[in-house]
Amino acid sequence: MTAPAIESPPDLSHLVNLGVRTATSSVIRDLLRLVDRPGMLSLAGGLPAPELLPVDRVGAAVAGQLAAHGPRALQYAPTEGVPELRALVAADHGDHVDHPARVDDVIVTTGSQQALDLLARALLGPGATVVVEAPGYLGAIQAFRLSGATMVAVAGDADGLRTDVLADRLAAGMRPALVYVVPNFGNPSGATLSLARRHHLADLADRYRFVVVEDDPYGALRFRGDALPRLATMTPHAVTLGTASKVVAPGLRVGWVVAPAWLTPALVRLKQVADLHTSTLDQLVVADLLSDAPFMAGQLDRLRASYRPRADALVDAVRAMPGAPLAVAGPAGGMFCWATLRAPRATHDLLPAALDAGVAFVPGSAFHLDDSGDASMRLCFTTLSVDQIGDAVERLATVL
Ligand SMILES: Cc1ncc(COP(=O)(O)O)c(C=O)c1O
């Protein structure tokens, strides 16, 4: 007996909201499906080193928080976040900005990615303008694009966003609602916004009255040099995003936003619609870990001590490639470096051969609003060992 033909259900995809239908999916997520091939050495991901995820400490925190709080740890919680975590974030923010942040200015979010979505919904829409650095963080680009706002790319270089270029655009009449930067060890650039440019950007925000979003998942992962002050120390128009993802664990999905008092009510209303609140238990676990100063100091030491030699190994190996086909800057922290072909070619076209050779990277075009950036690639150094990084770069050399 032949099996009855299974009819595929009718396609009603025309019902999907037009803006969503035409939005591009994350190139990186699509790519991550391919890098699961056995033997692949991936420089493409953006994940923390798995061996440094604090499995035992999180386990102890889950048990401890359930024991300490009982049903409260599993109950609905305020949209703004649990008071324990908001207080910790406010105190830490105060350490950076020389005055205590108000607990009311802190909203816990489901990862900092949610904060980007909430900010886009609150501040952007058709008719509004948003400025992103080129290259820029893909998750922010996606959130801003879905809002329907006009997106303007301003180039970045080794010192971060070119604030001189931004100033020219502003002088020519551009009036953004929001300017987005990753000030420390940018994703994908690895670049850090210089002190002079931080002051310049803050002055521009004061003068032209836009919100400057400083998204800072990587600042604590500095393995060289001294930290630079936050934009929030320089202008009242800064919104600071933080996350537990890169210093504790991304799977907990706990981030936060510190925003001016005029903006937080809008963000809270939007978050209420999105998910009521971030997981109560996950927030309590993160608060437990962040308030354990010896644990956090050790955790940050382990991350930095692991990432620094990996970053150095990657940069050294890339610079030692036969013919030195790639120019690369050595990052002072974070998880990424940005490499550019000296003889311009589309790295996107090289990717299939690279995957066949067993190495993955993210083509630079993924981080741009247009087709530029094609000669570059993002390389992540956190998940491979120093030896594997050497092998990965050898494989890369065979396809360049
Ligand atoms: C610059 C930047 N912002 C935000 C995020 C989102 O992080 P999460 O939602 O895990 O806090 C990432 C993740 O890679 C990132 O690189």
Side-chain angles (χ1 to χ4, degrees), residues 26-29 31-32 42-50 52-53 58 81 85 89 92 106-120 130-146 156 160-161 178-193 212-222 230-231 238-259 267 271 274-275 278-279 282-283 285-286 289-290 303 307 331 333-338 362 364 366-368 378-383:
S26 160
V27 178
I28 300 181
R29 280 189 172 279
L31 192 71
L32 286 177
S42 178
L43 299 164
L47 312 180
L52 297 177
L53 295 176
V58 169
L85 182 55
V89 172
D92 178 70
V106 177
I107 304 168
V108 178
T109 54
T110 302
S112 46
Q113 185 63 38
Q114 183 180 50
L116 292 168
D117 180 48
L118 300 179
L119 286 164
V130 53
V131 172
V132 293
E133 187 175 336
Y137 170 53
L138 195 56
I141 292 174
Q142 285 178 306
F144 299 157
R145 188 174 272 145
L146 265 183
L161 183 81
L178 191 165
V179 173
Y180 172 76
V181 289
V182 180
N184 299 306
F185 325 123
N187 176 5
S189 67
T192 291
L193 190 64
V212 53
V213 174
E214 55 173 343
D215 180 8
D216 189 23
Y218 304 109
L221 299 178
R222 176 179 281 282
R230 290 189 183 180
L231 284 154
V239 170
T240 306
L241 308 190
T243 178
S245 288
K246 314 298 175 171
V247 294
V248 177
L252 294 173
R253 308 306 305 131
V254 174
W256 47 84
V257 48
V258 186
L267 297 176
K271 179 164 170 68
D275 64 357
T278 296
S279 155
D282 288 352
Q283 291 185 67
V285 165
V286 168
L289 269 64
L290 294 185
L303 287 163
Y307 291 173
M335 299 176 35
F336 305 105
C337 59
W338 185 249
V362 186
F367 307 101
H368 289 77
R378 188 190 76 177
L379 303 173
C380 172
F381 49 76
T382 54
T383 46

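We count ligands from 1, going down the list as the structure has it; atoms in each ligand are counted the same way. The first residue of the sequence shown is numbered 1, and numbering continues consecutively from there.
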Subset of ligand 1 atoms that lie under 4.0 Å from at least one heavy atom of [X]:
X	answer
Pro217	1 (C), 2 (C), 3 (N), 15 (C)
Ser245	8 (P), 10 (O), 11 (O)
Val182	1 (C)
Arg253	8 (P), 9 (O), 10 (O)
Thr243	8 (P), 11 (O)
Asn187	14 (O), 15 (C), 16 (O)

Answer yes or no for Pro250: is there a heavy-atom contact with ligand 1 below 4.0 Å? no
Quick one: are [X] and [Y] in side-chain contact, heavy atoms under 4.5 Å?
X	Y	answer
Asn184	Glu214	no
Gln142	Leu116	no
Leu118	Val257	no

Distance-minimising heavy-atom pair for [X] and [Y]:
X	Y	value
Pro48	Leu53	CB-CD2, 4.3 Å
Ile141	Gly136	CD1-O, 3.8 Å
Ala274	Gln114	CB-NE2, 3.8 Å
Arg230	Thr240	NH1-CG2, 3.8 Å

Counting non-hydrogen protein atoms only, what is the nearest one to [atom]? Give residue, atom name and distance.
atom	value
atom 16 (O) of ligand 1	Tyr218 OH, 2.5 Å
atom 5 (C) of ligand 1	Tyr137 OH, 3.3 Å
atom 14 (O) of ligand 1	Lys246 NZ, 2.9 Å

Between Ser112 and ligand 1, which part of the residue brings a heavy atom under 4.0 Å of the ligand: side chain, backbone, both or neither? both
Taking heavy atoms and a distance under 4.0 Å, where does Gln114 meet ligand 1: side chain, backbone, both or neither? neither
Only one of Val285, Val108, Thr109 clears side chain to side chain contact (heavy atoms under 4.5 Å, CB included) with Val254; which? Val108
Sub-3.5 Å N/O-N/O distance, Thr110 and ligand 1: no
Does Asp215, backbone or side chain, put an N or O under 3.5 Å from an N or O of ligand 1? yes
Short question: side chain of Glu133, backbone of Gly156 - any donor-acceptor pair under 3.5 Å? no
